[in-house]
Amino acid sequence: QQQVKQSPQSLIVQKGGISIINCAYENTAFDYFPWYQQFPGKGPALLIAIRPDVSEKKEGRFTISFNKSAKQFSLHIMDSQPGDSATYFCAASKETSGSRLTFGEGTQLTVNP
Amino acid sequence: DGGITQSPKYLFRKEGQNVTLSCEQNLNHDAMYWYRQDPGQGLRLIYYSQIVNDFQKGDIAEGYSVSREKKESFPLTVTSAQKNPTAFYLCASISWISGNTIYFGEGSWLTVV
């Protein structure tokens, strides 16, 4: 059963533009929502994460927006750069020992120069 | 440097053969995971282990086996029973002390020839 749905599957943005990736979850017990960035042939790396006690978290050009009532969260990449071209995964879990991360299906982002 | 080491990076398997992918971590992490990634798809959990000498099946465990004899090591065997083993395999680990941040290795490419 797919518990985290991610969209779009692929995204093309011009340099300097805003990239927006959306995720929706079903399990209301989830309380930890990270985003991972993966370059070709590499393992994913944590980019930014949010907990449901805040509606937004910003780190540099990357921002997570969180809507608890809608059970949705999104990643915004401001001033997108060609170096941001990668696959992005959202994930969700319960922040307790022993919990498992459930990943979205990924979004392949291409930033054109 | 601390991290997760996967080997080999590339592996070719003949039909009917078992192969073992190595995963070693020196992060003193408690839990370790194996994920499978197919092109254009997300991460699917194969097996995970929260403590030494204990492991649980993930979502796609059929045709795979694991062991956890040491905290640092979590090898994955892809058996001949796995009918479509060609994929990118990712090992990961997590320390409950530092929250739910999951760290990934660089991955291993397995191809059936």
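Labels below follow one simple rule: chain letters A, B, ... track the order of the sequence lines, proteins then strands, and each chain is numbered from 1.
In terms of heavy atoms, A:Leu101 sits closest to B:Tyr35 at O-OH, 4.0 Å. Here the shortest heavy-atom pairing between A:Lys42 and B:Phe88 reads O-CE2, 3.8 Å. The two residues B:Leu43 and A:Pro44 have their closest heavy-atom pair at CD1-CG, 4.2 Å.
Within 6.0 Å of NZ in B:Lys70 there are 12 or fewer heavy atoms belonging to other residues, nucleotides or ligands. In this structure, B:Glu24 places its CD atom where more than 12 heavy-atom neighbours from other residues, nucleotides or ligands lie under 6.0 Å away.
Note on A:Ile20 and A:Leu75: separate hydrophobic clusters, where clusters join Ile, Leu, Val, Met, Phe, Trp and Tyr whose side-chain heavy atoms are under 4.5 Å apart, directly or indirectly. Put simply, B:Val113 and B:Trp109 are part of two different groups of oily side chains (I, L, V, M, F, W, Y) that touch within less than 4.5 Å, one to the next. Tracing side-chain contacts under 4.5 Å through hydrophobic residues (I, L, V, M, F, W, Y), one reaches B:Tyr33 starting from A:Tyr36; they form part of the same cluster.
Contact check for A:Phe89 versus B:Gln37: side-chain heavy atoms found under the 4.5 Å cut-off.
From A:Leu46, atom CG reaches atom CZ of B:Phe104 across 10.0 Å, with rounding to the nearest 0.5 Å.
Looking at B:Leu45, only its side chain comes within 4.5 Å of chain A, counting heavy atoms on both sides.
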